[in-house]
Trainee: 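For reference, the structure I am asking about is given below.
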Amino acid sequence: MLIYDQPIKPDARPAAVTAPAGFSVLDLAQLLWQRKAAIASAALISACIAVAVGKSLTPKYTASTQLYVDPRELQLVDRELTPRAQDISGLAMVVESQARVITSNNVLLQVMRDTNLEKDPEFGGGDAKGLLGSLLGLFGIELRPTAEQQKQIQMSALEALNRHVNVKKTDRTFIVDIDVWSYEPAKAAMLANAISKAYLAESKQSQAAAARRATSDLSGRLKELQERLRNAENTLAVYKAQNNFVGSQDTLISDQQLSASNQRLAAARALTLDAQAKYDQIAASRKASSDAGAIPEALQSPTIANLRAQFAEARKRQAELQSELGPRHPALRQMEQQVQDLRRAINEEVERFAQAAKNDLIRARDYEASLNKALETQKRQSVQMSQASVRLRELEREVEASRNVYQSFLKRSRETEEQESLNTSNARIIGEATVPQRRTFPPAMSLLMMIGFALGGLAAAGWIVAANQLMPGTNPLQPRDKAPSEATKEPAAVEAAREPPAAEFRAQPAVSLIEKPLIARLQETDVMRTLSSILATDGTADVTRFGWPTLRAGFPLMTVLNAMREMRAALARRAGQTPPVMAVIGAGSDQDRSIAALNIALAAARDGAKVLLIDADLKRRALSDKVSHLAKSDSSRFGWLSIGAKAPRAIQTANGISILPAIKATDAKAGDAIRKAIAQARSTDGHDLVILDGPAMPWNPIDRKLLEMAEGLVAILPVHLDINDSMEDIIAALGGAEHKLVGVVLCEVDPTAVGQQRDKQYA
């Protein structure tokens, strides 16, 4: 039976495949146990070397100091000490930025100035002056470095100090650790504390410098803002004076005058109405037949009261005389004349009251008219003032804005000036560095000894195993074979069958194994089925509508597609620069091989390759039967591929595949036409891959010539047949060409399901 997970031997007989020599884990353990002394010696030597190396290394000591860097700085000017809400991610970024500031050049240079590291030999300084400096020093001459040399020495010391410092931030905290290593423990602690103090000083100086810059900028703007405010106020005052905007208690004088005029006009109108009523009453009394003196003014007048008393007395006397004297008596006549005189005097007095009332009415009307005229004038002035007040309010807004800006800048300038002397940084040292008592490098001698012992033992064991494999003669242990007693029990016929014949052994002195071909499984889940005889879509042939099962589209990660890509890659490596030729062969004579060949071409076309699929099955011509009638019905739409006098046309499909059907001729002419087509496809570089569908087994000499032109072969093994027998038949038929096998496709697709599906659809 064929074993697919083992390489295929040229004669394809499992009995001839021999397992390579080797030994098991037990053999390896025995080998290492026999060499235990050498392994132990090497391990001890390595341990001693590790201890010696550790002793020779200069120890390093690391000192650490801890800083609490709170990004929420103190707010000493505002009401709150710290802001209420801040972004957590932003705070973490601030702390990380401050950790980078610790190793900045400003901080490290300050540390160098404070500790004189430029003269420390550990950091590139020291008193070494060279040979010339030493000789001159004997004579009392000291060479001083130039400014450039001093700068170079300083930069070297700065770079060395930067390598000695390691700053790290603890996750989810505001704690920053400063680690400084040195060859001297006291120096390491001193440098760690110096760096933390230099950082705090640098932070304070940077804040003071920022406040100083802000104060300078604000002070520079104050003079300009003050001048702008003064100009705005002057413009407002001039405009008020020009437009008579004068008032008291937030009210203009014109508005006050207008209000007073309205009140006086109302009072004048009331007086006019009163005078008119008085005059109308007096006039009505005079026209009536009643007593003319029966008015309030006449009744209140003492003159009229006296005249009316005299008139009453005269009437009384007249009545007495009339009763005593005759009508023509002089005394009576005199008394009648006296009564008439008193009545006329009373009427004249009442007339004077009427004239006075008329005069009062005229005066009230004149006064009302003058007030009304003055009010109209004041109204016009008020309208003009309202129009002028628009500009006034604009000027007032400018003055107010300039005043607010000036006051804000003045206040901020005073605050920043005070902040120059305030330290708002919230960073502090929470743990000063102490002199370390243990070194950090190299590790402890016990650890070095264990490491050296383990590495030495492993190295010795690896060397022994490698020497045993490379030089088998030096290995006292042989691979674990069967015991002699078991070997003698096997029949002689089995031993004879196991050994190849002498003639065959001489023909092949060295048995070479062939690379195992790739195996792919074409399953029902990988394909889709369509109705047969539907060959064209939009005027172009479509291979997915031949009625054969074809690979599903949109599944680039299918296992069968990856296997086919690897087959094409192996084929391309064999072909080199020329378009490779792949022959699809199979043990059966049904259409499984043609279906598999079509799917291999379709997979290559979907990967972007231009594929020429040639029907090389000169016996059955299953592929040609699918497309030959299409070529006859419409030959003008397809291109020509000149392969002979009776060359068929290569049919272009909508899937990127050119299908060349087999010509109807003798096998020799058909084979020549196929070989010419392959040669032309290789010469024109019009295709990336040529796939031969066939030839079908058994192969004649013409078919073998076609197989010789192919760089690789793909065997199709239908699962409804015995795949082991089919594969053995193919290898036996190939003879010495089995090395061309690049892949094996196990076809699990049932072609008969096509007809069944069609019957179900049309049932």
Trainee: With a sphere of 6.0 Å drawn around CD of Q152, does it hold more than 12 non-hydrogen atoms of other residues, nucleotides or ligands?
Mentor: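 No, the 6.0 Å shell around CD holds no more than 12 heavy atoms from other groups.
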
Trainee: Whether the side chain of R521 engages the backbone of T559 through a donor-acceptor N/O pair (distance < 3.5 Å, no angle test) should be reported.
Mentor: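 Such a contact is absent between R521 side chain and T559 backbone.
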
Trainee: Would you confirm whether S41, through its side chain, and A37, through its main-chain N or O, come within 3.5 Å as a donor-acceptor pair?
Mentor: yes

Trainee: Looking at CE of M582 and CG of L713, how far apart are the two atoms once the value is rounded to the nearest 0.5 Å?
Mentor: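 Reported to 0.5 Å precision, the distance equals 9.5 Å.
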
Trainee: Between A157 and M112, what is the shortest heavy-atom contact and its length?
Mentor: CB-CE, 3.5 Å

Trainee: Do L561 and R606 come within less than 4.5 Å of each other through their side chains, counting heavy atoms only?
Mentor: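 Not in contact.
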
Trainee: Decide if atom NZ of K55 counts as having more than 12 heavy atoms of other residues, nucleotides or ligands within a radius under 6.0 Å.
Mentor: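 Incorrect, the count does not exceed 12.
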
Trainee: Can any side-chain N or O of S104 pair as donor or acceptor with the backbone N or O of V101 at less than 3.5 Å?
Mentor: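 Yes; at least one donor-acceptor contact below 3.5 Å.
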
Trainee: Check this for me, if you would: do K197 and D114 make a salt bridge, where the nitrogen-to-carboxylate-oxygen distance has to be below 4.0 angstrom?
Mentor: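 No, K197 and D114 are not salt-bridged.
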
Trainee: Determine the minimum heavy-atom distance between V111 and A194, stating which atoms define it.
Mentor: CG2-O, 3.7 Å

Trainee: Considering residues at least two apart in sequence or located in another chain, which fulfil the side chain to side chain donor-acceptor pair (under 3.5 Å) criterion with R397?
Mentor: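 None.
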
Trainee: Extract all donor-acceptor atom pairs below 3.5 Å that involve side chains of residues 163-172 and protein atoms in other chains or at least two apart in sequence.
Mentor:
unit_1, atom_1, unit_2, atom_2, d
H164, ND1, W181, O, 2.8
K169, NZ, T173, O, 3.4

Trainee: Got a sec, which residues hit side-chain contact (heavy atoms from CB on, under 4.5 Å) with A572, two or more places apart in sequence or on another chain?
Mentor: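 Testing A572 for side-chain contact (heavy atoms from CB on, under 4.5 Å), a comparison that skips the adjacent residues, returns none.
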
Trainee: Which atom pair, heavy atoms only, marks the closest approach of T103 to L108?
Mentor: O-CD1, 3.7 Å

Trainee: Is there a donor-acceptor contact under 3.5 Å from the side chain of Q98 to the main chain of V69?
Mentor: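 No, Q98 side chain to V69 backbone: no donor-acceptor pair under 3.5 Å.
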
Trainee: Is there a donor-acceptor pair closer than 3.5 Å between any side-chain N or O of T440 and the backbone N or O of K60?
Mentor: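 Pair found, side chain donor or acceptor close to backbone of K60.
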
Trainee: Would you please name every residue forming a side-chain contact (heavy atoms from CB on, under 4.5 Å) with D217, sequence neighbours left out?
Mentor: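 In terms of side-chain contact (heavy atoms from CB on, under 4.5 Å), with neighbours along the sequence ignored, D217 is linked to no residue.
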
Trainee: In the structure I gave you, are the side-chain heavy atoms of E400 and N404 within less than 4.5 Å of one another anywhere?
Mentor: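 SC-SC contact between E400 and N404 confirmed.
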
Trainee: Going through the checks in order, is the side-chain contact (heavy atoms from CB on, under 4.5 Å) test met by D607 and R568?
Mentor: CA-CA 11 Å; D607 287 343; R568 294 197 304 271; 2.4 Å; yes

Trainee: Is there a side-chain contact between V176 and Y199, using heavy atoms and a 4.5 Å cut-off?
Mentor: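 No, too far: nothing below the 4.5 Å cut-off.
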
Trainee: Counting N and O atoms only, with roles assigned by atom type, does the side chain of E432 sit under 3.5 Å from a partner on the main chain of I430, one being a donor and the other an acceptor?
Mentor: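 No, the answer is negative, given that no donor and acceptor are paired below the 3.5 Å cut-off.
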
Trainee: Got a second to check how far M155's CE is from E118's CD, nearest 0.5 Å?
Mentor: 8.5 Å

Trainee: For E148 and K151, run salt bridge (charged side-chain N to carboxylate O under 4.0 Å, His left out): C-alpha distance rounded to whole Å, both residues' side-chain angles, the deciding distance at 0.1 Å, then the answer.
Mentor: CA-CA 5 Å; E148 183 178 357; K151 185 68 175 179; over 6 Å; no

Trainee: Do D526 and L551 have side-chain heavy atoms sitting under 4.5 Å apart?
Mentor: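 Counting from C-beta outward, D526 and L551 do come under 4.5 Å.
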
Trainee: Is S402 reaching over with its side chain to a backbone N or O of V399, donor-acceptor style, under 3.5 angstrom?
Mentor: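 The answer is no, because no donor-acceptor pair under 3.5 Å joins these two groups.
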
Trainee: Does any non-hydrogen side-chain atom of D177 lie less than 4.5 Å from one of S64?
Mentor: no

Trainee: Please determine, by modelled atom types, if R565 and N562 share a side-chain donor-acceptor pair under 3.5 angstrom.
Mentor: yes

Trainee: Mind checking the OG-CD1 spacing from S56 to I49? Nearest 0.5 Å is all I need.
Mentor: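 Nearest 0.5 Å value for the OG-CD1 distance: 11.5 Å.
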
Trainee: For R113, which residues count as a side-chain contact (heavy atoms from CB on, under 4.5 Å) partner, sequence neighbours excluded?
Mentor: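 For R113 the side-chain contact (heavy atoms from CB on, under 4.5 Å) partners, ignoring immediate neighbours, are L109, Q110.
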
Trainee: Check E711 against R682 and note the closest heavy-atom contact, atom names and distance.
Mentor: OE2-NH2, 2.6 Å

Trainee: Are any of the side-chain heavy atoms of T65 and I195 separated by less than 4.5 Å?
Mentor: no

Trainee: I39 vs K36, test: side-chain contact (heavy atoms from CB on, under 4.5 Å). Steps then yes/no.
Mentor: CA-CA 5 Å; I39 295 175; K36 58 182 181 295; 5.6 Å; no

Trainee: Quick one, E184 with M190, criterion side-chain contact (heavy atoms from CB on, under 4.5 Å). Give me CA distance, side-chain angles, the key distance, then yes/no.
Mentor: CA-CA 10 Å; E184 300 177 8; M190 181 267 295; over 6 Å; no

Trainee: Distance check, rounded to the nearest 0.5 Å: R439 atom CZ versus T58 atom OG1?
Mentor: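 So the CZ of R439 and the OG1 of T58 are separated by 10.5 Å.
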
Trainee: Can any side-chain N or O of S206 pair as donor or acceptor with the backbone N or O of S203 at less than 3.5 Å?
Mentor: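 Side chain of S206 to backbone of S203: a pair is present.
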
Trainee: Atom CG in L200, atom NZ in K204: separation rounded to 0.5 Å?
Mentor: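 These two atoms lie 10.5 Å from each other.
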
Trainee: Not counting sequence neighbours, list each pair that qualifies as a ring pair (Phe, Tyr, Trp, His ring centres under 6.0 Å) and has a residue in residues 435-470.
Mentor: none

Trainee: Tell me the closest heavy-atom pair linking G608 and D688, and the distance in Å.
Mentor: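 For G608 and D688, the tightest heavy-atom pair comes out as O-OD2, 4.2 Å.
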
Trainee: Would you call R221 and E224 a salt bridge, taking side-chain N to carboxylate O under 4.0 Å as the test?
Mentor: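 A salt bridge links R221 with E224.
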
Trainee: Does L158 offer a backbone N or O that forms a donor-acceptor pair with the side chain of N162 under 3.5 Å?
Mentor: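 A pair under 3.5 Å: no.
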
Trainee: Strictly distance-based, threshold 3.5 Å: is any side-chain N or O of S46 a donor or acceptor partner for the main-chain N or O of A42?
Mentor: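 Here the side-chain-to-backbone pair exists.
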
Trainee: What's the separation between atom CD1 in I178 and atom CG in L191, rounded to the nearest 0.5 Å?
Mentor: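 One gets 11.5 Å once the value is rounded to the nearest 0.5 Å.
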
Trainee: What are the two closest non-hydrogen atoms of M564 and A603, and how far apart are they?
Mentor: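 That closest heavy-atom pairing would be SD-CB, 3.7 Å.
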
Trainee: Evaluate side-chain contact (heavy atoms from CB on, under 4.5 Å) for M567 paired with L571, printing each intermediate quantity in order.
Mentor: CA-CA 6 Å; M567 293 178 189; L571 185 66; over 6 Å; no

